Amino acid sequence: MTIQKLLIANRGEIAVRIIRAARELGIATVQVYSKADKDSLAVRLADESIEIGPPQASKSYLNQATILAAARTTGADAIHPGYGFLAENAEFAAAVEAAGLIFVGPTAQSIRLMGDKVAAREAAAAAGVPTVPGSAGRLESADAAFALVEKTGFPVMIKAAAGGGGRGIRIARSAEEFHHLMPQAQAEALAAFGDGGLYVEKLIEGARHIEVQILGDGCDVIHCFERECSLQRRRQKVWEEAPSPSLTPAVRDELCSSAVALAKAVDYRGAGTLEYLYDDRSHEFYFLEMNTRIQVEHPVTEMVTGIDLVGEMIRIAGGEPLRISQDQVRVRGHSIEVRINAEDPAKGFLPCPGTISTLSVPEGEAVRFDSMLYQGYTVPPFYDSLLGKLIVHGEDRPSAIRRLERALAELSVEGLATTKPLHQALVRDPDVRAARFHTAWLEPWLETHAAALTTAEPSTTAKVAR
């Protein structure tokens with residue numbers, strides 16, 4: 001292992017996760033923090049910490065020069081970007097390596113190629129991976145886009161070529177809507193990503209969202225099977241599970257093999273995820289995009305395979321080849337993750353920063369809570385609302401659901417509103433229990449189940465953690 005000291009260029013629960021993985025590998029850690037995060041759990045856990053600026057992310061966690069200076073000051077020899085912020089910024093990855101440091105992730109070339117949705121689609125097509133019918137390249141004009149739409153038919157999705165995380169997307173169901181939304185999408189893409197390029201693809205209605213976890217060392221690639229992330233609100237995932245309850249064994253093999261083929265085609269290094277739409281009526285799947293980083297939902301894959309994905313990506317960045325062959329990757333049982341956000345689902349998911357007055361964390365067999373929380377911690381209002389992830393494992397999907405229901409009852413985060421009531425309502429829903437859902441299922445459900453989101457079930461007494 002060539003990495004001796006790792007700087008974490010992120011915050012929140014993923015920073016805590018990386019610190020713990022590094023510590024188990026015998027690597028010292030440096031946590032950067034904004035003024036708003038000086039009392040964070042990551043700062044408390046790291047071997048060293050260094051302030052990098054004011055609360056605004058643009059002046060701290062997105063400030064490349066300041067982060068590189070922090071690495072030089074502390075003597076770090078590697079930087080882990082986590083997810084979000086600079087994780088998929090090719091220029092940052094290149095700057096880290098130009099500074100003589102190790103970037104824990106793929107090469108700048110891979111990030112640049114797969115980060116552009118149009119280039120990624122072209123790479124997928126070249127590797128023989130099916131893509132959603134749509135534009136073969138970037139569309140700079142509304143006329144060119146409409147000429148394509150006349151061939152594919154409605155409905156269509158207008159997407160920012162440089163977008164991500166479900167942002168910058170418009171759905172047009174008619175020519176009138178298309179002409180109205182196209183300039184809006186272009187302006188939003190330019191403002192959000194500094195790139196007004198767009199592409200258009202056919203909307204696959206009632207599709208499920210499947211993603212394949214891969215690990216590569218720049219030469220070889222393996223997959224760690226798939227996750228399903230179809231329960232989404234405004235294209236943001238709220239519930240993830242592995243394996244997918246909707247795939248047949250034949251489709252699973254074909255899907256995972258296609259992910260490996262594409263990752264090999266771009267000489268991928270590190271942990272990555274290839275996202276697909278899956279039509280469970282026709283059993284057809286279509287490549288959407290690749291996330292060139294660790295994902296929020298990686299724990300469900302870890303739970304069913306026993307592979308420490310964060311640890312493996314650090315090892316690979318440190319120069320080690322893949323230690324796991326494909327035939328060693330096995331799925332055991334079923335895992336579910338739900339995101340606990342500082343939001344009030346009874347008030348339109350209004351963000352609710354505040355101070356944690358009481359924290360009781362569920363314990364017991366096969367229960368994991370990855371979080372940034374401790375009792376007395378004040379959640380700042382400047383960042384994403386994710387507080388942590390509750391992850392469970394069971395011998396099969398029904399037992400995992402029962403375990404999740406028990407763990408949610410034991411989880412108590414007092415002092416602010418959270419999305420716990422949403423998950424308690426979902427875990428009792430017959431359609432969720434039967435896996436009868438798709439990417440557009442949750443939002444109509446929310447409209448008809450508002451009363452179920454006002455209060456959580458009574459919590460049982462659990463030992464206060466941390």
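Not measured: the values here are computed from a predicted model.
- When atom types are taken as modelled, the side chain of Ser230 and the backbone of His209 share a donor-acceptor pair closer than 3.5 angstrom.
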Would you sort out whether Ile67 and Leu62 count as a side chain to side chain contact (heavy atoms under 4.5 Å, CB included), showing the intermediate values? CA-CA 8 Å; Ile67 291 171; Leu62 290 171; over 6 Å; no
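- Nearest heavy atoms, Ala259 versus Ile214: CB-CG2, 4.2 Å.
- Looking at Gln326, its side chain never comes within 3.5 Å of a backbone N or O of Ile222 through a donor-acceptor pair.
- Of the charged side-chain nitrogens involved, at least one lies within less than 4.0 Å of a carboxylate oxygen, so that Glu211 and Lys237 count as a salt-bridged pair.
- When atom types are taken as modelled, the side chain of Ser60 and the backbone of Ile52 share no donor-acceptor pair closer than 3.5 angstrom.
- The structure places CG of Leu408 at 7.5 Å from NE2 of His423, a figure rounded to the nearest 0.5 Å.
- Minimum heavy-atom separation, Ala42 to Val16: N-CG2, 3.9 Å.
- Looking at every heavy atom in both residues, Met157 comes nearest to Ile169 through CE-CG2, 3.5 Å.
- Shown here for Leu359 and Gln375, the closest heavy-atom pair between the two residues is N-OE1, 3.3 Å.
- Contact of the Tyr377 side chain with the Leu41 side chain is not registered, since no non-hydrogen atoms from C-beta on lie closer than 4.5 Å.
- Nearest heavy-atom pair across Ala9 and Ile79 is CB-CG2, 3.8 Å.
- Using a distance-only test at 3.5 Å, with no hydrogens or angles considered, a donor-acceptor pair links the side chain of Asp77 to the main chain of Gln4.
- Under the 30°/60° scheme for interplanar angles, the aromatic rings of Phe225 and His223 are found to stand perpendicular.
- Remark: Glu337 does not engage Arg227 in a salt bridge, criterion side-chain N to carboxylate O under 4.0 Å.
- Arg23 contributes a side-chain N or O that, together with a main-chain N or O of Leu45, makes up a donor-acceptor pair within less than 3.5 Å.
- Residue Lys159 holds its NZ atom at 9.5 Å from CD1 of Ile171, rounded to the nearest 0.5 Å.
- Using a 4.5 Å heavy-atom cutoff, the side chains of Glu302 and Asp308 are in contact.
- When all heavy atoms of Lys5 and Val30 are compared, the closest pair comes out as CD-CG2, 3.6 Å.
- No donor-acceptor distance shorter than 3.5 angstrom exists from the side chain of Tyr278 to the backbone of Glu228, with no hydrogens or angles considered.
- Heavy atoms of other residues, nucleotides or ligands lying less than 6.0 angstrom from NE2 of His180 number 12 at most.
- Salt-bridge annotation for Arg208 and Glu226: absent, with no side-chain N of the basic residue lying under 4.0 Å from a carboxylate O of the acidic one.
- Here the CD1 atom belonging to Ile102 is positioned 9.0 Å from the CD atom belonging to Glu97, to the nearest 0.5 angstrom.
- Counting only heavy atoms from C-beta outward, the side chains of Pro243 and His334 approach each other to under 4.5 Å.
- Within 6.0 Å of CD on Gln109 lie no more than 12 heavy atoms contributed by other residues, nucleotides or ligands.
- Residue Thr273 holds its OG1 atom at 13.0 Å from CD1 of Ile210, rounded to the nearest 0.5 Å.
- For the residue pair Thr74 and Glu48, no side-chain donor N or O sits within less than 3.5 Å of a side-chain acceptor on the partner.
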Q.
Assess the residue pair Cys224 and Leu309 against the criterion (side chain to side chain contact (heavy atoms under 4.5 Å, CB included)); give the C-alpha distance rounded to whole Å, side-chain angles, the decisive distance to 0.1 Å, and a yes or no.
A. CA-CA 9 Å; Cys224 302; Leu309 294 170; 4.1 Å; yes
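- Between the OG atom of Ser34 and the CD atom of Gln56 there is a distance of 9.0 Å, given to the nearest 0.5 Å.
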Evaluate the criterion side chain to side chain contact (heavy atoms under 4.5 Å, CB included) for residue pair Arg269 and Met313; output intermediate values, then yes/no.
CA-CA 8 Å; Arg269 181 190 74 194; Met313 70 185 300; over 6 Å; no
Could you walk me through whether Met290 and Leu274 pass the side chain to side chain contact (heavy atoms under 4.5 Å, CB included) test, one step at a time? CA-CA 4 Å; Met290 183 175 190; Leu274 292 98; 4.1 Å; yes
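- Because its NZ or CZ atom is both nearer than 6.0 Å to the ring centre of Tyr374 and within 45° of the ring axis, Arg44 counts as a cation-pi partner of that residue.
- You'll find the side chain of Leu386 stays beyond 4.5 Å of the side chain of Met372, heavy atoms only.
- Side chain of Thr355 to backbone of Gly376: no donor-acceptor contact under 3.5 angstrom is found.
- Distance alone, capped at 3.5 Å, is enough to place a donor-acceptor pair between the Glu443 side chain and the Arg234 backbone.
- When atom types are taken as modelled, the side chain of Thr301 and the backbone of Ala242 share no donor-acceptor pair closer than 3.5 angstrom.
- A salt bridge links Lys35 with Glu51: the distance from a Lys NZ or Arg NE/NH1/NH2 to an Asp or Glu carboxylate oxygen falls below 4.0 Å.
- Between Leu247 and Phe285, every side-chain heavy-atom pair lies at or beyond the 4.5 Å cut-off.
- Considering Tyr33, Phe382, Tyr383, Tyr83 as possible partners of Tyr61, the one that fulfils the ring-ring contact (aromatic ring centres under 6.0 Å, His included) test is Tyr383.
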- Message: Quick one, Arg293 with Gln295, criterion side-chain hydrogen bond (donor to acceptor under 3.5 Å, both in side chains). Give me CA distance, side-chain angles, the key distance, then yes/no.
- Response: CA-CA 6 Å; Arg293 53 173 166 79; Gln295 292 271 95; 2.6 Å; yes
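- Ser40 is not listed as a side-chain neighbour of Arg11, based on a closest heavy-atom distance of 4.5 Å or more.
- Contact annotation: the side chain of Leu262 approaches that of Met114 to within less than 4.5 Å [non-hydrogen atoms, C-beta and beyond].
- For Glu297 and Lys389, the salt-bridge test fails: no basic side-chain N is under 4.0 Å from an acidic carboxylate O.
- Looking at Val132 and Lys202, their side chains come closer than 4.5 Å, going by heavy atoms from C-beta outward.
- Expressed to the nearest 0.5 Å, how far SG of Cys219 lies from CG of Asp267 amounts to 7.5 Å.
- Remark: the backbone N or O of Thr419 is not paired with any side-chain donor or acceptor of Asn341 at under 3.5 angstrom.
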